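These notes are about the structure you will find just below.
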Amino acid sequence: MILKVIFAVIVAFIAGYGLITKNFEFQSYAMFFLSLTMLVMGLEEFRKERKVMGWISIVAFLFVLFASLLVFFLT
């Protein structure tokens, strides 16, 4: 899917920006887009009939989404 590539590029760009500039204020956005990447990967795995990897990706999506929302609302 094209969404997986778009979200992964956004995550890589934000993470690279943070590493180069030592400015980590956008890290929560990177985590949010990482969670969306995991969601798309999980849905792809379900379509390929790989249910175990699909569920692992969905659980990872939920965990990272929860963590990123905590950062959004607590800061």
Side-chain angles (χ1 to χ4, degrees):
M1 284 184 147
I2 190 87
L3 284 176
K4 180 174 71 171
V5 174
I6 291 171
F7 291 148
V9 167
I10 291 171
V11 170
F13 178 74
I14 294 172
Y17 172 79
L19 286 173
I20 291 170
T21 63
K22 305 282 192 263
N23 181 5
F24 299 109
E25 69 180 271
F26 299 114
Q27 186 174 7
S28 59
Y29 295 107
M31 288 176 54
F32 177 72
F33 284 109
L34 179 63
S35 71
L36 293 178
T37 305
M38 295 303 295
L39 175 64
V40 172
M41 289 174 58
L43 295 176
E44 281 183 353
E45 293 297 323
F46 277 122
R47 287 190 355 180
K48 293 179 185 177
E49 299 295 325
R50 298 182 195 161
K51 295 189 189 241
V52 173
M53 288 304 296
W55 281 114
I56 290 172
S57 295
I58 296 297
V59 169
F61 155 72
L62 291 172
F63 177 74
V64 176
L65 180 67
F66 177 73
S68 68
L69 290 177
L70 275 178
V71 172
F72 276 135
F73 293 124
L74 293 180
T75 58

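Hydrogens, waters and symmetry mates play no part in the numbers below; they use all other heavy atoms, side chains included. Fair warning: this is a prediction, and the values are worked out from it, not measured in the lab.
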Self-check item: Pairs involving residues 11-26, ordered by first then second residue, that meet salt bridge (Lys or Arg N to Asp or Glu O under 4.0 Å) (sequence neighbours left out)
Solution: none
Quiz item: Do you reckon Phe13 sits in the same ILVMFWY cluster as Phe24, going by side-chain contacts under 4.5 Å, direct or chained?
Solution: no
Exercise. Enter the distance from Leu43:CG to Met38:CE here, rounded to the nearest 0.5 Å.
Key: 11.0 Å
Quiz prompt | Common cluster, Phe72/Ile14, ILVMFWY with side-chain heavy-atom separation under 4.5 Å | solution = yes
Exercise. Sorted by first residue and then second, give each salt bridge (Lys or Arg N to Asp or Glu O under 4.0 Å) pair with at least one member in residues 46-69; sequence neighbours left out.
Key: Glu45-Arg50
Quiz prompt | Hydrophobic cluster identity match, Leu74 and Met31, side-chain contacts under 4.5 Å | solution = no
Self-check item: Sequence neighbours excluded - ring pair (Phe, Tyr, Trp, His ring centres under 6.0 Å) pairs with any residue from residues 48-71
Solution: Phe46-Trp55
Quiz item: In this structure, are over 12 heavy atoms from other groups packed under 6.0 Å from Leu19 atom CG?
Solution: yes
Quiz item: With sequence neighbours left out, which residue pairs that include part of residues 34-44 fulfil the side-chain hydrogen bond (donor to acceptor under 3.5 Å, both in side chains) condition?
Solution: Lys4-Glu44
Quiz item: Side-chain heavy atoms under 4.5 angstrom apart, residues restricted to Ile, Leu, Val, Met, Phe, Trp, Tyr: same cluster for Leu3 and Tyr29?
Solution: yes
Quiz item: How many angstroms lie between CG in Leu69 and OG in Ser28, if you round to the nearest 0.5 Å?
Solution: 9.5 Å
Self-check item: Leu34 side, atom CG; Leu65 side, atom CG - distance, nearest 0.5 Å
Solution: 10.5 Å
Quiz item: What heavy-atom pair brings Ser57 and Gly42 nearest, and what distance separates the two atoms?
Solution: CB-CA, 3.4 Å
Quiz item: If every non-hydrogen atom of Ala30 is compared with every non-hydrogen atom of Val11, which pair is closest and at what distance?
Solution: O-CG2, 3.6 Å
Quiz item: Between CG of Leu36 and CD1 of Ile6, what distance do you get to the nearest 0.5 Å?
Solution: 11.5 Å
Exercise. Might you confirm whether atom CZ of Phe32 has over 12 heavy atoms from other residues, nucleotides or ligands at distances under 6.0 Å?
Key: no
Quiz item: Tracing side-chain links under 4.5 Å among I, L, V, M, F, W and Y, which residues wind up in one group with Val5?
Solution: Val9
Quiz prompt | Residues that Tyr17 engages under side-chain contact (heavy atoms from CB on, under 4.5 Å), provided they are two or more places apart | solution = Thr21, Asn23, Phe26
Quiz item: Do Val52 and Ile58 belong to the same hydrophobic cluster, where Ile, Leu, Val, Met, Phe, Trp and Tyr are linked whenever their side-chain heavy atoms lie under 4.5 Å apart, directly or via other members?
Solution: no
Self-check item: Atom pair CZ (Phe33) and CD1 (Ile10), whose distance is rounded to the nearest 0.5 Å
Solution: 4.5 Å
